[in-house]
Amino acid sequence: MADLVLYQRDYCHLCDQALAVLAAARAPEFDSVWVDDDEALEERYGTRVPVLRDARDGRELDWPFDAEAVRRFVRG
């Protein structure tokens, strides 16, 4: 499992934009988790997606974010 997790939804244009930002930031490998079919994740992230989470320390970066914000987030 990667250290970074992107919580997202199916058919989410903001999630598509977040993926483009992560690519532009050259973010390290991350896992994608869809919140749609998980009640607990839906409750936690349903209105916040996309959210980038660092699984090592629990920090979260809520949308909107840009490439520089992602680079700062990854650096810790």
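Each residue takes its place number in the sequence, starting with 1.
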(request) Starting at CG of L14, measure out to CZ of R48 and round the result to the nearest 0.5 Å. (result) 14.0 Å
(request) Could you tell me whether a side-chain N or O of D36 sits under 3.5 Å from a main-chain N or O of D10, the two making a donor and an acceptor? (result) yes
(message) I'd like to check the ring-ring contact (aromatic ring centres under 6.0 Å, His included) partners of Y45; sequence neighbours left out, ordered by chain and number.
(response) Y7
(message) My understanding is that only residues two or more places apart in sequence, or in another chain, count here; which of them pass salt bridge (charged side-chain N to carboxylate O under 4.0 Å, His left out) with D57?
(response) R59
(request) Could you grab the distance from atom OG1 of T47 to atom CD of E42, nearest 0.5 Å is fine? (result) 8.5 Å
(message) Is there a continuous path of hydrophobic side-chain contacts, each under 4.5 Å between heavy atoms, that joins V5 to L41?
(response) yes
(request) Report whether F30 and V33 are members of the same hydrophobic cluster (ILVMFWY, side-chain heavy atoms less than 4.5 Å apart, transitive linking). (result) no
(message) Has R9 got a side-chain atom pairing as donor or acceptor with C15's backbone, closer than 3.5 angstrom?
(response) no
(message) Looking at every non-hydrogen atom in both residues, tell me the closest pair between A2 and A55 and how far apart they are.
(response) O-CB, 4.4 Å
(request) Heavy atoms only: give me the nearest L22-L6 pair and the separation to one decimal. (result) CD1-CD2, 3.9 Å
(request) Considering non-hydrogen atoms only, spot the tightest contact between A27 and V70 and give its length. (result) CB-CG1, 4.1 Å
(request) Look up atom CZ in R44 and atom CD in E60, then write down how far apart they are to the nearest 0.5 Å. (result) 4.5 Å
(request) Specify the closest pair of heavy atoms between L61 and A69, including all atoms of both residues, with the distance to one decimal. (result) CD2-O, 4.0 Å
(request) Over all heavy atoms of both residues, which pair between P50 and A18 is shortest? Give the atoms and the distance, please. (result) CG-CB, 3.6 Å
(request) Under the side-chain contact (heavy atoms from CB on, under 4.5 Å) rule, what do L4 and D54 come out as? Steps first, then yes or no, please. (result) CA-CA 5 Å; L4 297 177; D54 187 325; 4.2 Å; yes
(request) Compare all side-chain heavy atoms of W34 with those of V49 and state whether any distance is below 4.5 angstrom. (result) no
(message) Distance check, rounded to the nearest 0.5 Å: D66 atom CG versus R71 atom CZ?
(response) 8.0 Å
(message) When you group the ILVMFWY residues by side-chain heavy-atom contacts below 4.5 Å and let the links chain together, are F73 and V51 in the same group?
(response) no
